[in-house]
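I have placed the structure first, in the form of structure tokens, so that the comments after it can refer back to it.
Convention: sequence-line order gives letters A, B, ...; per-chain numbering from 1.
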Protein chains: 2
Amino acid sequence: MHDAEDDVDHELREQAEKLALTLSQGGMQKTTARVMTALLFSRRETMTAGELGESLRISSGAVSGAVNQLIPTGMIERVPAPGSRRDHYRFRKHAWATLMGNQNTLLASMWDAAAGGVKIAGRESLVGQRLDEMQDFYGFMQREMAALIDRWREQYDAGQA
Amino acid sequence: MHDAEDDVDHELREQAEKLALTLSQGGMQKTTARVMTALLFSRRETMTAGELGESLRISSGAVSGAVNQLIPTGMIERVPAPGSRRDHYRFRKHAWATLMGNQNTLLASMWDAAAGGVKIAGRESLVGQRLDEMQDFYGFMQREMAALIDRWREQYDAGQA
DNA sequence: CTGAACATTCAAAGATATCTGAAACTAAGT
DNA sequence: ACTTAGTTTCAGATATCTTTGAATGTTCAG
């Protein structure tokens with residue numbers, strides 16, 4: 001006999017792996033991406049480290065490494081689990097907004113680098129102009145991105161209520 | 001004797017390498033990042049492949065590989081050079097805006113992945129909700145980011161005039 | 001306090017990604 | 001057409017990143 005629920009699980013797993021591949025090409029570590037998408041596409045609310053390892057066929061060490069990369073970024077969280085001995089993980093609400101918000105650090109570094117260059121070369125020179133444009137762009141982005149994310153949150157929360 | 005111009009060059013090179021390091025930690029290839037920042041922080045308008053290789057102490061093959069990664073992204077461009085035998089490169093105007101605009105492809109993949117999952121699991125389920133939020137977020141971002149970049153271009157071009 | 005059940009760490013192995021250098025190729029000048 | 005400056009390609013060498021698996025650490029239940 002054929003179980004429809006299993007099919008759903010299987011298809012979700014496929015989607016999950018596909019996304020993980022995309023993310024890893026975009027710079028995220030492969031195992032980290034796989035763990036993240038496994039939680040994202042799981043029908044369950046939380047998964048234990050053991051379940052993740054078994055489902056993805058990776059060692060406990062790899063799971064540990066991945067979750068410890070994911071947690072500080074705010075993508076997933078450790079959930080106190082009643083009954084179970086330890087460590088259940090779950091995909092966080094608004095994780096995507098958090099992730100994008102973290103990019104602000106990078107935007108700030110870019111701004112700093114540009115500002116540093118302008119200080120050395122002066123705003124008059126050719127290179128100064130080039131860096132000035134860069135500084136202007138990253139300053140703008142830093143301000144506006146933060147506002148944009150806030151706007152999404154409001155809009156989304158309003159839609160939920 | 002001490003040449004002030006040389007000092008400026010040297011300090012700019014330091015800043016360039018610092019930024020290249022940051023970018024490479026953020027996922028960009030190291031040599032690609034170094035080539036890009038070398039052009040960005042150069043006092044000259046364009047640099048040849050040979051100059052890049054000498055300045056960064058990398059082989060001609062490495063330079064070739066790096067520029068051919070950078071050009072399709074729109075960060076740098078090949079400039080027809082009168083007099084010189086071939087290939088001068090220069091950092092493009094509005095390169096940063098272009099770069100950020102390219103991110104839209106990624107945003108679209110994220111949206112697709114979410115949509116695919118919702119289709120499989122339905123919007124009612126727990127996982128459906130999770131993916132629905134993701135879809136909403138990336139849909140929003142895709143729309144708004146494009147608008148934001150346009151807004152910067154206008155604002156910047158206005159300020160220049 | 002002890003033992004069971006996990007989780008974490010880390011050295012070594014394995015897998016990837018990247019660079020070099022030389023040969024092959026291209027195009028500009030004569 | 002030939003020469004030469006300069007670029008691209010690619011196999012092999014190198015460097016870097018990841019994973020495994022076993023040892024070590026931690027926490028909870030009894």
- prompt: Considering all heavy atoms of both residues, which atom of A:Arg123 and which atom of A:Asp132 are nearest to each other, and what is their separation?
  reply: NH1-OD1, 2.6 Å

Evaluation steps, side-chain contact (heavy atoms from CB on, under 4.5 Å), between A:His10 and A:Arg13: CA-CA 5 Å; A:His10 184 254; A:Arg13 283 265 304 286; 5.5 Å; no

- line: The reported gap from CD in A:Gln103 to CD1 in A:Ile149 (rounded to nearest 0.5 angstrom) is 9.0 Å

- prompt: What closest approach, in Å, do B:Tyr89 and B:Thr48 show between heavy atoms, and which atom pair accounts for it?
  reply: CD1-C, 4.4 Å

field: Nearest-angstrom distance from the residue atom CD of A:Gln69 to P of C:dT8
entry: 14 Å

query: Can we call the ring centroids of A:Trp96 and A:Phe91 under 6.0 Å apart?
result: yes

statement: In whole angstroms, the gap separating P of D:dA15 from CD1 of B:Ile58 amounts to 16 Å

message: Could you tell me how far apart A:Arg57 (CZ) and D:dT20 (P) are, to the nearest whole angstrom?
response: 12 Å

message: Walk along nucleotides 5-11 of chain D from 5' to 3' and tag each nucleotide B, S or - by protein heavy-atom contact under 4.0 Å, base first, then sugar-phosphate.
response: SBSBB--

message: Less than 4.0 angstrom between a side-chain N/O of A:Gln29 and OP1 or OP2 of D:dT18, yes or no?
response: yes

task: May I have the distance from A:Lys30 (atom NZ) to C:dG14 (atom C1'), rounded to whole angstrom?
output: 13 Å

query: Where do A:Thr22 and B:Ser109 come nearest, in terms of heavy atoms and distance?
result: CG2-CB, 4.2 Å

